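Letters go in sequence order (proteins before strands), and every chain restarts at 1. Reckoned from all heavy atoms, side chains included, excluding hydrogens, waters and symmetry mates. Everything numeric here is computed off the predicted structure, so don't read it as measured data.
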Amino acid sequence: GDQVEQSPSALSLHEGTSSALRCNFTTTTRSVQWFRQNSRGSLINLFYLASGTKENGRLKSAFDSKELYSTLHIRDAQLEDSGTYFCAANSAGNKLTFGIGTRVLVRP
Amino acid sequence: GALVYQYPRRTICKSGTSMRMECQAVGFQATSVAWYRQSPQKTFELIALSTVNSAIKYEQNFTQEKFPISHPNLSFSSMTVLNAYLEDRGLYLCGAREAGDAEQFFGPGTRLTVL
């Protein structure tokens with residue numbers, strides 16, 4: 001089965017509102033990365049976590065290695081936050097396994 | 001900072017022909033390089049993981065005969081798509097990291113179109 005279960009698959013937000021994305025892992029995960037893929041296909045690194053939480057501007061991420069999940073919170077969403085967000089789990093064999101992605105659309 | 005370059009950014013090839021794509025890491029040592037493919041409307045499939053001075057490990061459904069990879073030093077890797085067909089189209093991404101579980105950085109990808 002899928003090692004990384006990402007939800008939701010799509011998210012529509014009004015400017016200024018907040019929401020969260022989540023990834024559940026079905027196997028032991030040593031670290032997690034979050035990316036945003038822009039319209040040209042490039043993956044932009046947002047977070048790398050081995051545990052705990054990190055914050056960067058209006059984005060905040062948490063990783064619970066015992067409960068096997070990670071979250072990405074978007075606060076005060078802006079139009080430029082639109083894009084597809086991916087989580088990726090670093091697990092056995094140093095492989096990075098990606099979730100299916102969350103298409104985020106921020107509306108005025 | 002850590003940067004990964006890929007070229008070409010886009011390429012079109014005729015069905016049955018081959019094309020080579022390259023990946024360059026700048027600002028860090030790319031001990032480990034992973035090649036992924038993102039097919040239309042799909043997530044990222046790992047093709048193979050290459051670690052300098054170790055054998056390249058291919059994932060199920062991907063073979064060295066179809067996707068030969070070179071990783072000769074700590075800054076460069078290349079992959080060729082041999083005998084490309086329609087199902088090989090997509091965005092090919094190179095991800096590089098310094099150590100096994102360190103943060104992985106990606107290039108902008110090579111978008112392959114097969115006619």
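- Of the two parts of A:Gln6, neither the backbone nor the side chain holds a non-hydrogen atom closer than 4.5 Å to a non-hydrogen atom of chain B.
- In this structure the side chain of A:Asn94 reaches within 4.5 angstrom of the side chain of B:Arg97, judged on heavy atoms.
- When heavy atoms are compared at a cutoff of 4.5 Å, B:Gln38 approaches chain A solely by way of its side chain, counted from C-beta outward.
- Hydrophobic clustering keeps B:Leu93 apart from B:Met79 (ILVMFWY residues linked when any side-chain heavy atoms are closer than 4.5 Å, directly or through intermediates).
- Annotation for A:Arg58: atom CZ counts as buried by contact number, over 12 foreign heavy atoms lying within 6.0 Å.
- The hydrophobic clustering, which links ILVMFWY residues whose side-chain heavy atoms are closer than 4.5 Å, places B:Ile56 and B:Trp35 together.
- For B:Glu45, no part sits under 4.5 Å from any heavy atom of chain A, backbone or side chain.
- Counting heavy-atom neighbours within 6.0 Å of B:Gln60 CD, excluding the residue itself, gives a total of 12 or less.
- One hydrophobic cluster holds both A:Phe63 and A:Leu59 under the rule that ILVMFWY side chains link at heavy-atom gaps under 4.5 Å.
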Checklist line | Verdict with supporting geometry, B:Tyr36 and A:Leu43, side chain to side chain contact (heavy atoms under 4.5 Å, CB included) | finding: CA-CA 12 Å; B:Tyr36 294 83; A:Leu43 280 178; over 6 Å; no
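- A 4.5 Å side-chain heavy-atom check between B:Glu59 and A:Lys95 finds at least one atom pair inside the cut-off.
- The aromatic rings of B:Phe44 and A:Phe98 sit tilted, their planes meeting at an angle between 30° and 60°.
- When hydrophobic clusters are built by joining Ile, Leu, Val, Met, Phe, Trp and Tyr residues whose side-chain heavy atoms come closer than 4.5 Å, directly or via intermediates, A:Tyr69 is not grouped with A:Leu72.
- No side-chain donor-acceptor contact under 3.5 Å links B:Gln104 to the backbone of A:Leu96.
- Cluster annotation: A:Leu79 is connected to A:Ile74 through the hydrophobic network of ILVMFWY side chains, with a link wherever side-chain heavy atoms come within less than 4.5 Å.
- Comparing B:Arg9, B:Gln6, B:Arg111 by how many heavy-atom pairs each has under 4.5 Å with chain A, the most go to B:Arg9.
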